[in-house]
Amino acid sequence: MSDTIFDKIIRGEIPADFVYEDADMVAFRDLHPQAPVHVLFVPRKPIATLNDLSAEDTALVGKLVLAAAAYARREGFAEAGYRTVFNCNHDGGQTVFHIHLHLLGGAPLRGGFA
Ligand code: DGP
């Protein structure tokens, strides 16, 4: 796959506001937040879209979800609620082709998917 802006962020070549990182992933604030809290959980492994996942990535995807839920708990808005989203390809609104889990919260969110 081609090198994306997220690969450059992971390598430290472009700055980002990191909130979490471990051996499998990094998490940083979205440049164009759609909610008071908008964090992207990005695996270090470069996978372009959800369509490119394989069975060996099962644990990795689970870790992204668990990290997002843990972050919401740490920041104190887990009980109030939040939204997690993976966009896939054009119709899903994906613009960066390195999979990432959006975590949105910190206020009541509008309904719908757009
Ligand atoms: P998506 O549309 O699902 O592919 O989400 C890509 C998100 O990435 C979008 O909400 C904006 C964010 N984004 C794009 N470029 C950068 C960047 O250079 N830094 C940060 N922090 N976020 C970015």
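Whatever order the structure lists them in is the order used to number ligands and atoms, beginning at 1. Atom set for the values below is all heavy atoms of this structure, side chains included, hydrogens, waters and symmetry mates excluded.
- Here CG of Leu31 is found 8.5 Å from CD1 of Ile5. Values are rounded to the nearest 0.5 Å.
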For residues 40-57, which side-chain donor-acceptor pairs fall under 3.5 Å, sequence neighbours excluded?
from	atom 1	to	atom 2	distance (Å)
Arg44	NE	Asp22	O	2.9
Arg44	NE	Ala23	O	3.4
Arg44	NH2	Glu21	OE1	3.0
Arg44	NH2	Asp22	O	2.9
Lys45	NZ	Glu56	OE2	2.9
Lys45	NZ	Asp57	OD1	2.6
Thr49	OG1	Asn51	N	2.9
Thr49	OG1	Asp52	OD2	3.0
Asp52	OD2	Thr49	N	3.0
Ser54	OG	Asp57	OD2	3.4
Asp57	OD2	Ser54	N	2.9

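- For a heavy-atom separation below 4.0 Å, the residues in contact with ligand 1 are Ile5, Phe6, Ile9, Phe28, Arg29, Asp30, Leu31, Leu40, Asn87, Gly93, Gln94, Thr95, Val96, His100, His102.
- Residues in residues 90-107 take part in no salt bridge (charged side-chain N to carboxylate O under 4.0 Å, His left out) pair, two or more places apart or across chains.
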Name each donor-acceptor pair under 3.5 Å that joins a side chain in residues 64-74 to protein atoms two or more places apart or in another chain, with its distance.
none

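- Between the Arg83 side chain and the His102 main chain, no donor and acceptor come within less than 3.5 Å of each other.
- Panel note: side chain His32, backbone Asp30; no donor-acceptor pair is recorded below 3.5 Å.
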